[in-house]
Asker: 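Let me give you the structure first, and then I'll get to my questions.
Everything numeric here is computed off the predicted structure, so don't read it as measured data. Letters A, B, ... are given to chains in the order of the sequence lines, protein chains preceding strands, and every chain is numbered from 1.
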Amino acid sequence: MAQATLPPEVLDDAKARRYSADAAGLGRLRAGAFVAPALALISLFLVFPALWVLYLGLSNYRLTGAAAAAPQLVGFDNFVKALTDPEFWNSTWLTFEFVLGSAVIGQVVLGFLLAWIMRDRTGPLKRIVEGLVILAWILPSAVVSFLWVALLDRDDGTLNTLLHSQDFAPLLDHPMLSIIIFNIWRGAAFSMMLYGAALGNVPPSHLESARLAGASGWQQLRDVVFPHIRGHVLTNLLLISLWTFNDFTPFLLTAGGPDGKTEVLAVHVYQVALQGGELGYGAAVSTVILLINLVVAVFYLRLLRSKK
Amino acid sequence: MSAIELRGLTKVYPGGVKALDSLDLAIPDGEFFALLGPSGCGKTTLLRTIAGLETATGGAVVIGDRDVTGLQPGARDIAMVFQDYALFPHMNVTDNIAYPLRIKKVGRAARQQKAAEVGARLGLEQLMDRRPGQLSGGQQQRVALARVMATQAQAFLFDEPLSNLDARLRLEARTFLKKLQHELGVTTVFVTHDQAEALAMADRMAVMESGHIRQIGTPAEVFQRPANTFVAGFIGSTPMNLLDGVVRADTLEVTGCKLAVPQSAEGLLHDGEKIVYGVRPEYNVYSAEPVDGSLGGNVSIVENLGASYLVTLDVNGVLVQAVVPEGHEPAIGDEGYALPRRDRALIYRDGELVSA
Amino acid sequence: MSAIELRGLTKVYPGGVKALDSLDLAIPDGEFFALLGPSGCGKTTLLRTIAGLETATGGAVVIGDRDVTGLQPGARDIAMVFQDYALFPHMNVTDNIAYPLRIKKVGRAARQQKAAEVGARLGLEQLMDRRPGQLSGGQQQRVALARVMATQAQAFLFDEPLSNLDARLRLEARTFLKKLQHELGVTTVFVTHDQAEALAMADRMAVMESGHIRQIGTPAEVFQRPANTFVAGFIGSTPMNLLDGVVRADTLEVTGCKLAVPQSAEGLLHDGEKIVYGVRPEYNVYSAEPVDGSLGGNVSIVENLGASYLVTLDVNGVLVQAVVPEGHEPAIGDEGYALPRRDRALIYRDGELVSA
Amino acid sequence: MTRFVLHRIGFYVLIAVLLAFFTVPLLWLASAPFTSDPTYKVRLPDFTSENFRAILDNPYALGSLWNSVLLAAGTAVLVVVFAALAAYALSRVHLPGRDALLYTLLLLSSIITGTAAMVPLFQLAVELHLIDSQLGLILIMTGGLLPAAIFMMKDFMDSTPKSYEESARVFGASPLQIVRHVVVPLVRPGLATIAVWAVANVWGNFLMPYLLLSDVDKQPAAVIMYTLYTEGGQANIKLLATFGLLYSVPVVLMYLFVSKKYGFRFHGGIKR
Amino acid sequence: GQSSDGGSGDTIELTIAQNSISGGKNAAAADYITNWVIPKFEAAEKAKGKNVTVKFVPSGVDDEQYKTKLSLDLKSGKGADVFDLDGIWAGEFAEAGYLKPLSDVVGADADNWDGWAQIPQSVQGLATYNGKKYALPVGTDGRVLYFNKTLFQKAGLPADWQPKSWQEILDAGNKLKAAGVPVPIQINAGTAMGEATTMQGVLPLLAGAGGQLQQDGKWTGASQPLKDALGFYQKIYGGSGLGDPKLQQEAKGRDKSFQQFAGNEIGILLESDYLWRGVLNPETGVAKMADRDQSVGYALIPAEEPGKGINGQDFVSMSGGALRAVNPNSAHPKEAFELAAFTLSPDGLKEETKNGNVRITPRTDVNKEILSSEPLLTYISDKVVPLTAFRPPVAAYTQVSVALQEATAEVVSGKTPDQAAADYQAKLEGIVGGAGNVAS
Ligand SMILES: Nc1ncnc2c1ncn2[C@@H]1O[C@H](COP(=O)(O)OP(=O)(O)OP(=O)(O)O)[C@@H](O)[C@H]1O
Ligand SMILES: Nc1ncnc2c1ncn2[C@@H]1O[C@H](COP(=O)(O)OP(=O)(O)OP(=O)(O)O)[C@@H](O)[C@H]1O
Ligand SMILES: [Mg+2]
Ligand SMILES: [Mg+2]
């Protein structure tokens with residue numbers, strides 16, 4: 001019931017600004033004060049060093065040696081070096097596989113599956129399943145890497161024991177697949193929780209009216225569930241993609257090997273910056289990761305927000 | 001179009017709540033049947049069990065000549081309108097209406113055609129491309145109806161389809177829905193907690209209380225002769241006066257007043273027994289002057305009902321209500337007298353109607 | 001306890017929606033004032049602007065003798081009940097009721113004491129330790145009232161406090177609320193979209209439409225003499241019949257029938273002019289036999305209103321409604337005649353009431 | 001009916017497979033610490049307590065767990081408090097460029113978790129005299145976690161009805177009072193979620209604590225865990241497995257506590 | 001950090017940092033510092049009238065991480081007054097200004113230290129960069145071929161085996177293989193083993209083929225010696241069944257090679273003395289071998305062919321060693337140097353190496369005394385150290401080392417040695433700044 005629209009000047013009437021109109025009466029000033037501590041910490045310990053990293057990416061800075069004493073700006077040399085380095089492209093490709101396989105497909109699908117089958121269940125089964133899934137998420141990586149080495153070990157691995165197989169070495173023969181499955185195991189909890197909450201927001205009546213129309217499970221998902229949880233899918237995809245892009249845990253499992261077959265970008269940066277001491281180059285690669293993340297984020301936003 | 005029959009239907013929820021207690025009900029083909037009852041009495045559960053959205057713990061659901069108790073909801077050939085309409089927010093009106101047909105694998109053109117047809121019938125022609133979010137409540141409700149009509153199901157189930165509308169729209173929708181059902185002739189079960197709605201719309205109605213049916217009948221039967229005090233208190237736009245009383249020979253003593261025995265209970269009462277005297281405010285004739293056999297007291301509240309007033313008298317500490325036509329309404333504090341109509345007053349013994 | 005005065009109040013939402021359009025309103029001290037209107041007309045906005053939850057774009061709000069337009073809500077000394085009650089789900093009833101006192105830095109013991117007192121007054125003694133989630137709708141509503149009462153504010157603002165209750169509870173709550181306000185004597189502004197509620201409860205009421213007040217008056221005034229067709233169509237538990245007609249010398253021609261000029265419009269009409277003839281179904285006297293000056297047609301719908309029936313006649317393609325007392329209701333398809341009462345029928349010209 | 005039975009069977013098979021997937025890797029952690037001579041092989045343990053005695057002999061083991069608790073708790077508290085305040089303000093007041101800011105910060109937060117950021121962070125800490133200070137480390141890690149926390153928290157805040165706040169406001173409550181009395185209790189499950197997420201992040205973080213804390217008495221378990229390798233980099237499985245178990249127990253306990261007390265889930269609004 | 005007494009002069013606070021920690025990595029070294037060095041040194045200083053307190057800063061992490069931390073500390077002007085570092089880092093630290101020549105930092109005391117006389121020239125070389133001494137050497141090590149006498153006996157090989165050429169190693173391998181030994185030869189390869197591949201693999205082989213990483217200021221590219229070394233890898237891992245190619249790829253492959261050696265599954269293993277004194281140590285090892293002294297044999301690493309090794313040697317080895325440096329930023333460099341020297345005093349070293357913690361110390365006088373009971377260490381000290389070689393202590397080495405590891409990995413996974421060598425050269429040119437710095 002829109003009424004006549006007034007010229008905008010009226011809005012700036014002095015009275016209207018005397019105090020704020022949001023629910024809690026915060027007002028911009030106080031809202032600013034609420035945001036301030038977080039923003040201060042973020043600016044100081046996040047934005048500032050992040051910009052510094054971007055700057056380092058333009059230098060030949062190293063941890064040791066002459067370049068450590070007197071680093072020089074080298075412009076985009078590092079970027080040129082990265083973009084012409086097959087190892088970088090290898091890592092980029094592996095990272096895509098890793099993010100796509102373990103996060104975008106693996107965690108999202110498994111997380112959703114778990115949330116879906118547990119959605120209106122209560123009792124011990126739900127608690128046990130959810131507890132185990134979340135356990136995999138909260139255990140420290142250092143511990144978790146041992147667990148998976150023990151699981152996948154070529155000689156004594158639990159998997160070999162279970163399969164009664166000998167010399168089956170997933171980490172060597174299918175290294176990428178191994179770390180993808182590992183990361184699915186590790187990260188499904190977050191998606192499960194997010195989708196669990198999202199599914200709570202799908203009105204049961206919508207599902208039921210699809211069921212009454214005779215819709216199959218898949219049709220219900222497509223026609224009812226997915227349109228409702230689109231926003232959550234976006235948040236979830238964005239966060240887990242970012243996290244997976246920067247996930248360093250595979251290093252603990254495979255050390256990037258064998259022969260660089262699992263040297264995802266985060267590991268690549270680790271090896272370049274920490275083991276090789278080439279901080280300038282490492283920072284440049286980090287910058288490239290940032291740009292890729294940006295593209296991915298924009299892609300998700302386009303994909304999921306545009307249809308609204 | 002088929003009859004619906006429930007045999008000994010029982011539904012116990014996992015927590016142990018017995019929402020339906022071996023309930024029998026037969027709804028003939030084409031009837032517009034209302035289920036009425038207070039919140040939590042099991043109306044929705046009953047509807048959902050008919051639809052197959054809840055599995056029955058015991059008993060059977062028969063639709064037409066098929067026992068559908070073990071069938072999936074999609075296989076029961078029924079359609080349901082939910083309280084919140086359950087329109088898919090991401091589909092436009094056409095797609096919403098056509099959705100059941102899409103699931104039934106009807107071709108695109110045929111679906112669109114059917115949706116347009118049904119939509120036109122419900123006056124939605126102009127809105128077919130809008131999303132539900134761009135519709136008013138009343139329009140949404142019509143889309144939900146259209147979607148149900150598009151299915152050509154054997155029976156319609158409505159769960160409080162009007163309760164989300166504002167008061168004005170509700171009245172319009174009532175009339176509209178009633179008329180539509182009349183034309184389509186589809187067996188319809190309609191859940192509401194608004195007694196006025198049930199009275200106005202239903203061919204027959206059932207009043208439920210905690211999983212049991214307390215009375216089944218036409219609206220007039222239920223309104224005029226509630227079978228028990230529960231129904232009596234529940235039906236009527238103003239609650240029935242239910243007053244404790246004692247039989248004293250040929251008269252009744254009710255809150256200190258002497259009243260005549262109602263016609264319906266004549267010869268059925270025993271001297272000295274305790275009864276409940278029930279009379280609707282509409283059947284309480286008000287006068288400002290003392291009248292024999294009336295309930296006298298001071299006016300404590302006067303409420304405007306539009307063309308009449310609801311006057312509440314304080315009769316020796318008990319509140320008694322009477323409907324007074326406009327122009328005759330008293331002021332608060334006035335003395336007033338309510339004379340129950342003998343042909344309409346009722347007597348309840350142990351909560352049940354005393355009747356020949 | 002103070003009067004509330006609004007002067008040229010205007011509210012434009014950031015999007016450009018003008019929800020209130022230089023609105024003037026004076027509510028005397030102690031009055032129970034109802035704001036009625038269709039969805040989206042600005043009722044909530046008005047209430048929230050009085051409360052200070054929205055800043056006025058223009059105009060002033062005066063409570064008692066203070067201009068509070070620029071004050072924070074907390075400084076206006078008013079109390080508000082929200083439509084969803086806004087009881088804090090994590091606090092028990094006592095803490096909810098005592099919350100305003102906690103903000104006012106009243107000591108713990110004193111708060112508890114006051115909460116217990118107010119709670120007892122509203123019959124909540126047994127529930128003081130429960131959380132809102134464990135209460136029925138009616139009980140929640142009382143807790144919200146108790147919380148407001150505990151503030152001892154100058155004025156109460158209620159935003160559709162009854163619309164979340166089920167039909168039965170709503171009737172009870174109506175009576176309860178009205179009585180309570182009477183006892184407390186606090187100026188109260190009450191928003192509703194249910195005209196029956198407004199009529200039943202208000203001392204005076206305003207009918208709003210798109211940011212404007214269309215009529216102010218007592219319920220009886222508004223019901224009997226709606227100032228315009230908008231109010232006429234909005235007020236009444238069954239909508240007023242509003243029929244297009246033409247003045248023909250001393251009579252009116254309405255949908256092919258000849259009707260007498262209503263008393264209120266006598267001498268005010270010009271031959272040949274187009275008017276709208278309004279008559280409430282309650283004031284349409286129904287008969288099965290042809291009557292002079294009546295609207296005749298076939299019965300198309302009969303709805304049970306309890307002690308009476310709402311009969312819809314199809315009069316040359318126009319639907320006309322009349323209320324028929326029980327026992328006299330026709331069957332669908334019967335021929336019937338509705339004779340408007342001359343003392344109650346109204347004439348509208350260009351949407352405005354024609355009246356001396 | 002048979003379809004129904006098949007459906008059931010399918011469901012339980014699926015559950016069994018999922019349970020196995022999530023359980024099997026954990027077996028090692030359940031057996032190795034109790035085995036006298038543990039290897040990577042999962043064996044039925046002989047339930048020795050010798051490994052635990054050995055780890056308790058380590059002068060830093062218990063202290064480091066305590067340090068981990070301090071760091072994790074400190075960071076979680078700061079993250080939760082600051083993220084809640086910021087998310088609340090961002091959710092309720094439309095500050096210009098809010099969404100763009102959030103996305104930018106989220107992206108930048110990904111760079112800061114990378115290895116390349118260690119130099120800037122270290123030098124920053126040096127300049128601010130935050131080296132060897134647990135508080136400094138807490139602040140730095142808080143800064144890194146805040147954007148994602150605010151991002152998630154805003155979802156929670158957006159989903160709580162505003163009428164609670166307005167109601168409190170009409171009673172005269174100040175914004176901070178509203179946050180304390182009304183908002184925080186309402187989004188408590190969300191706060192708990194973020195807190196656990198923050199703890200899990202800090203708990204496993206090795207590089208930053210190692211670089212910024214020289215004093216071994218301040219170092220957390222993640223750093224001490226690395227000391228259980230030999231001079232040549234070989235894992236002392238006996239100690240590592242046992243310490244790994246001890247290292248995991250606090251987070252698991254915390255999860256159990258939180259999930260029992262607050263219900264560990266996203267989107268907090270208490271059902272009404 | 002540095003001492004902070006400013007002008008008061010009352011108490012001198014010193015810190016000493018090592019990558020060692022009580023109860024964990026290198027526990028013995030850490031315990032030595034805390035339990036012996038600190039009290040004794042403080043007492044000694046007190047006797048001289050100085051009030052000195054010493055604090056030990058332990059760590060227990062990967063070398064790379066230790067180095068990172070050290071670099072960051074030093075770059076910011078912080079860090080312990082005395083710290084340990086790997087000898088190989090000396091050059092890059094010096095170039096970065098993290099280390100200064102001892103005589104600059106400490107003054108004449110450094111050159112006048114009586115310990116120098118006891119330290120062999122080659123070990124002194126570890127601490128020397130561009131002709132200047134930057135630190136005190138803490139010790140050295142050496143690499144030999146270990147072999148499992150039990151398996152040798154099974155294969156009919158002698159218990160005092162000493163191959164004279166690479167072929168003899170292969171021959172022994174073949175015999176072991178014939179005798180059913182699962183892994184006849186383990187020579188570290190691939191990137192997963194990291195520096196262990198370079199030090200216990202490529203470099204000894206390269207030296208055996210007469211090659212050096214860096215010669216006359218130029219880096220060596222795809223030279224014949226490198227191709228020979230890679231060829232030797234090919235003979236082991238290229239389908240002959242003499243080695244286990246998969247093991248080279250496993251992230252924990254080196255750990256496993258130790259387990260397997262201790263478990264009598266590996267016949268010949270090229271390793272440093274650390275295998276003997278640490279890993280297989282019957283008391284404290286991670287792969288204890290109760291009968292180590294009886295069943296583990298060791299031999300010098302032969303040149304490809306007699307006389308074909310660097311400097312025309314018949315046998316070759318590689319060595320490294322830690323350094324103990326004085327922080328150029330130290331407020332009390334003199335006292336810091338005293339502390340460092342004190343840790344390397346004969347009494348100190350004897351204390352450190354008692355109770356089975358024997359290692360090769362930098363001092364000949366001490367070595368003579370303590371190694372007598374340790375046949376292997378004596379062997380290394382007497383036979384290996386004189387013919388050993390060291391890595392070039394320059395910043396680029398770390399990356400060159402990785403490139404070498406990658407070259408071996410390529411061979412293990414099936415590329416030809418020539419191809420792998422060519423790839424190495426290409427990478428090398430990228431690392432050291434163009435083809436001009438590389439000779440092939
Ligand atoms: N899923 C469920 N699990 C357990 N108990 C339930 C469930 N659904 C409903 N109940 C309980 O069953 C009883 C009947 O509920 P039902 O929803 O059928 O009532 P209703 O008559 O539709 O009420 P309303 O008018 O409030 O919609 C109530 O006591 C309710 O608490
Ligand atoms: N926050 C807002 N921003 C923009 N427009 C608003 C806002 N709140 C309300 N409006 C618009 O202002 C007008 C009046 O709204 P208001 O909520 O006051 O109506 P109402 O009479 O209370 O309706 P209802 O009966 O549906 O509650 C409507 O057109 C509505 O769309
Ligand atoms: Mg219901
Ligand atoms: Mg409103």
Side-chain angles (χ1 to χ4, degrees), chain D residues 37-41 54-64 115-133 206-219 221-240 243, chain E residues 1 15 17 19-31 34 55-66 68-73 75-80 141 193-196 200 252 254-259 263 271-272 274-275 277-279 281 284-288 322 359:
Chain D
D37 191 17
T39 59
Y40 286 123
K41 192 175 173 65
I55 202 73
L56 291 183
D57 282 345
N58 184 303
Y60 308 112
L62 286 185
S64 73
T115 325
M118 67 186 180
V119 172
L121 284 175
F122 183 86
Q123 299 204 338
L124 191 67
V126 170
E127 294 303 321
L128 299 175
H129 301 288
L130 294 177
I131 290 289
D132 235 1
S133 143
F206 158 76
L207 196 60
M208 277 303 137
Y210 172 65
L211 293 181
L212 299 184
L213 299 176
S214 297
D215 188 345
V216 69
D217 292 322
K218 292 180 183 162
Q219 287 172 345
V223 175
I224 295 307
M225 180 130 178
Y226 266 86
T227 68
L228 305 178
Y229 288 76
T230 64
E231 156 191 5
Q234 277 67 56
N236 189 332
I237 294 185
K238 220 174 157 77
L239 295 182
L240 273 169
F243 190 60
Chain E
T15 48
N19 195 8
S20 69
I21 185 164
S22 179
K25 184 164 187 158
N26 274 327
D31 292 340
T34 34
K55 195 169 162 243
F56 178 54
V57 183
S59 14
V61 293
D62 279 359
D63 283 353
E64 280 103 357
Q65 288 156 350
Y66 179 73
T68 304
K69 170 94 198 263
L70 210 51
S71 313
L72 289 171
D73 277 344
K75 166 135 187 114
S76 323
K78 300 183 133 303
D141 58 5
M193 307 240 194
E195 188 63 12
Q200 272 96 246
K252 312 233 181 238
R254 188 163 177 229
D255 295 25
K256 267 202 187 160
S257 75
F258 294 155
Q259 300 286 353
E271 263 299 343
S272 79
Y274 158 68
L275 177 76
R277 56 182 173 82
V279 178
N281 194 311
T284 58
V286 287
K288 294 186 187 73
R359 63 178 181 85

Asker: At a heavy-atom separation under 4.5 Å, does I131(D) approach chain E through its side chain, its backbone, both, or neither?
Answerer: side chain
Asker: Which atom names give the shortest non-hydrogen contact between Y60(D) and S22(E), and what distance separates them?
Answerer: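 Taking Y60(D) first and S22(E) second, the nearest heavy atoms are CE1-O, 3.5 Å.
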Asker: Using a cut-off of under 4.5 Å on heavy-atom pairs, state which of K75(E), E195(E), K69(E) scores highest against chain D.
Answerer: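 Winner by heavy-atom pair count: K69(E).
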Asker: Measure distances from D215(D) to the heavy atoms of chain E and classify the residue's part below 4.5 Å as side chain, backbone, both or neither.
Answerer: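 The answer is the side chain of D215(D).
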Asker: First locate atom NZ of K252(E), then atom CD1 of I237(D), and finally report the distance between them rounded to the nearest 0.5 Å.
Answerer: 8.0 Å
Asker: Could you give the distance from OH (Y40(D)) to CD (Q259(E)), rounded to the nearest 0.5 Å?
Answerer: 8.5 Å
Asker: How far does CG of N236(D) sit from NZ of K25(E), to the nearest 0.5 angstrom?
Answerer: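 So the CG of N236(D) and the NZ of K25(E) are separated by 12.5 Å.
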Asker: Is chain D contacted by the side chain of D73(E), its backbone, both, or neither, given a heavy-atom distance below 4.5 Å?
Answerer: both
Asker: Quick check on Y210(D) against chain E: is it the side chain, the backbone, both or neither that has a heavy atom closer than 4.5 Å?
Answerer: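 Answer is both: backbone and side chain atoms of Y210(D) are under 4.5 Å from chain E.
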Asker: Would you mind telling me which of G278(E), A196(E), P58(E), A287(E) has the largest number of heavy-atom pairs within less than 4.5 Å of chain D?
Answerer: P58(E)
Asker: Could you grab the distance from atom CD1 of I21(E) to atom OH of Y226(D), nearest 0.5 Å is fine?
Answerer: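 The distance works out to 14.5 Å.
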Asker: Mind listing the closest non-hydrogen atom pair of V57(E) and S214(D) along with its distance?
Answerer: CG1-O, 3.6 Å
Asker: Rounded to the nearest 0.5 Å, what separates atom CZ in F206(D) from atom CG in D62(E)?
Answerer: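 CG of D62(E) is found 7.0 Å from CZ of F206(D).
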Asker: Nearest 0.5 Å, please: how far is CG in L212(D) from CG in L72(E)?
Answerer: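 If we round to the nearest 0.5 Å, L72(E):CG and L212(D):CG are 9.0 Å apart.
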Asker: Can you tell me which portion of F56(E) sits under 4.5 Å from chain D's heavy atoms? Options are side chain, backbone, both or neither.
Answerer: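 Contact with chain D: none, neither part.
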Asker: Look at A54(D), P59(D), A61(D) and state which one has the largest set of heavy-atom pairs under 4.5 Å with chain E.
Answerer: P59(D)
Asker: In terms of heavy-atom pairs under 4.5 Å, which option from L211(D), V216(D), L228(D), V126(D) contacts chain E the most?
Answerer: L211(D)
Asker: Tell me, for L240(D) versus chain E, whether the close heavy atoms (under 4.5 Å) come from the side chain, the backbone, both or neither.
Answerer: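 L240(D) has no heavy atom closer than 4.5 Å to chain E.
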